[in-house]
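In what follows, a structure is listed as structure tokens, so that the remarks can point back to it.
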Amino acid sequence: MKLMPPQAMVLLAIVAIQLGAALSVTLIPLLTTEGTVAVRIIFSAVLLWIAARGRVRSFARTFVDNSWLLISFGLCLAVLYYCFMQAIARIPLGAAVALEFIGPLSVAVLNSRKLSHLGWIALAGVGIALLSPLTGVELDPVGIIFALLAGAGWATFIILAAKVGNKVPGNDGLAIGMAIAALTMIPFFVPITEILISDLKLLLLGVAVALLSTTIPFTLEFQALKKLPARSYGILVSLEPAVAASIGAIFLGERIGLQGVLAVACVVIAAIGITIADGRDKAVQE
């Protein structure tokens with residue numbers, strides 16, 4: 001991993017996340033939407049705690065010192081994953097990620113407070129509008145609502161993650177937050193335990209979802225951010241809706257049509273534009 005360029009790490013992390021999401025879609029008919037999100041969160045929490053086993057003894061003190069922040073972070077993760085899973089159960093993966101992306105875009109605009117950035121958020125708004133039933137697109141309205149709620153969850157996650165990162169070292173905050181999220185998923189997990197125990201294939205698929213959705217991408221991004229400027233990272237992450245649409249088409253046979261492609265393009269271009277403009281503004285200030 002040390003020999004891999006940081007740009008490749010970020011791109012690989014994006015692909016892993018969307019592959020995990022696509023795999024989740026295939027589990028929904030077997031485990032229900034709620035059961036699938038419970039598997040994703042609980043298995044991710046277990047894997048993160050295994051990876052951090054050398055520091056687990058210090059988690060209690062870390063939690064006591066930052067209890068309200070970590071509880072809020074954990075609940076945010078649970079809501080984010082739950083809403084996103086409900087969205088991709090109803091609408092194509094590419095459309096769901098494009099709609100969800102309004103969350104981080106909004107955070108970027110609010111943090112910059114530059115009027116010039118309103119043009120980029122307006123372009124993203126066009127993309128969102130193109131995915132709404134008002135423009136004749138045939139997407140489940142409930143799925144659209146859940147995707148937008150996931151976007152709000154993502155925006156909240158960004159804000160809380162920054163605070164957690166300043167107070168908790170490494171990935172410890174993520175491991176503790178995911179454990180808190182896992183506790184909220186127990187009511188959804190209990191009804192499917194018998195199915196998982198009796199079907200090794202499903203159990204392994206659940207582990208694969210956790211690895212692809214959380215463990216692998218967070219590890220890659222954590223390493224990449226040590227070497228990659230924030231501006232470059234932001235541009236690469238902006239490609240996520242396009243990657244999601246591609247993976248949805250290749251692995252799930254999803255088609256979003258020309259209007260959906262234009263919508264995803266609007267969101268991607270807006271995200272790249274905001275990232276570049278924000279980088280220029282910071283360079284001028286320095």
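Computed from a predicted model, the values in this text were never measured in an experiment.
Note on ring orientation: taking the six-membered ring where Trp is involved, the planes of Phe189 and Phe43 are perpendicular (angle over 60°, cut-offs 30° and 60°).
In this structure, CG on Leu69 lies 6.0 Å from NZ on Lys167, to the nearest 0.5 angstrom. With values rounded to the nearest 0.5 angstrom, Thr36 atom OG1 is found 12.0 Å from Phe188 atom CZ. The structure places OG of Ser213 at 7.5 Å from CD1 of Ile17, a figure rounded to the nearest 0.5 Å. Here CD1 of Ile28 is found 10.5 Å from CG of Leu23. Values are rounded to the nearest 0.5 Å. Taken to the nearest 0.5 Å, the OG atom of Ser67 stands 11.0 Å off from the CD1 atom of Ile176. For the atom pair CD1 (Ile71) and SG (Cys76), the distance works out to 14.0 Å, reported to the nearest 0.5 Å.
Between Trp154 and Phe84, the gap from one ring centroid to the other reaches at least 6.0 Å.
Transitive grouping of hydrophobic side chains (ILVMFWY, heavy atoms separated by less than 4.5 Å) keeps Met178 and Val79 in distinct clusters. Taking hydrophobic clusters as Ile, Leu, Val, Met, Phe, Trp and Tyr residues chained together by side-chain heavy-atom distances below 4.5 Å, Ile250 shares a cluster with Ile14. Cluster membership check: Val142 shares its hydrophobic cluster with Leu93, using side-chain heavy-atom separations under 4.5 Å among Ile, Leu, Val, Met, Phe, Trp and Tyr.
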Sequence neighbours left out, cut at 3.5 Å: what donor-acceptor pairs do the side chains of residues 194-207 make with other protein atoms?
| unit_1 | atom_1 | unit_2 | atom_2 | d |
| --- | --- | --- | --- | --- |
| Ser198 | OG | Glu194 | O | 2.9 |
| Ser198 | OG | Ile195 | O | 3.1 |
| Asp199 | OD1 | Lys201 | N | 3.1 |
| Asp199 | OD1 | Leu202 | N | 3.3 |

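By the 4.5 Å heavy-atom criterion applied to side chains, Met185 and Glu34 are not counted as neighbours. Counting heavy atoms from C-beta outward, Arg255 and Pro92 have side chains that stay 4.5 Å or more apart. The shortest distance between side-chain heavy atoms of Val164 and Asn66 does not fall below 4.5 Å.
Leu220 and Ala13 make their closest contact through CD1-N, 3.8 Å (heavy atoms, listed as atom of the first residue, atom of the second, distance). Residues Gly35 and Ile192 approach most closely at O-CD1, 3.4 Å, considering heavy atoms.
Under the side chain to side chain donor-acceptor pair (under 3.5 Å) criterion, the residue pairs touching residues 5-22 are Gln18-Glu240, with sequence neighbours excluded.
The closest donor-acceptor contact from the side chain of Glu254 to the backbone of Ala245 lies at 3.5 Å or more, if one exists at all.
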| task | Run the numbers on Leu80 and Glu100 for side-chain contact (heavy atoms from CB on, under 4.5 Å), then give the verdict. | result | CA-CA 10 Å; Leu80 168 57; Glu100 183 192 32; 3.5 Å; yes
| task | In sequence, state the C-alpha distance, the side-chain angles, and the governing distance for Phe146 and Asp140, and then conclude on side-chain contact (heavy atoms from CB on, under 4.5 Å). | result | CA-CA 10 Å; Phe146 271 117; Asp140 186 332; over 6 Å; no
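Not counting sequence neighbours, the partners of Phe59 by the ring-ring contact (aromatic ring centres under 6.0 Å, His included) test are Trp49.
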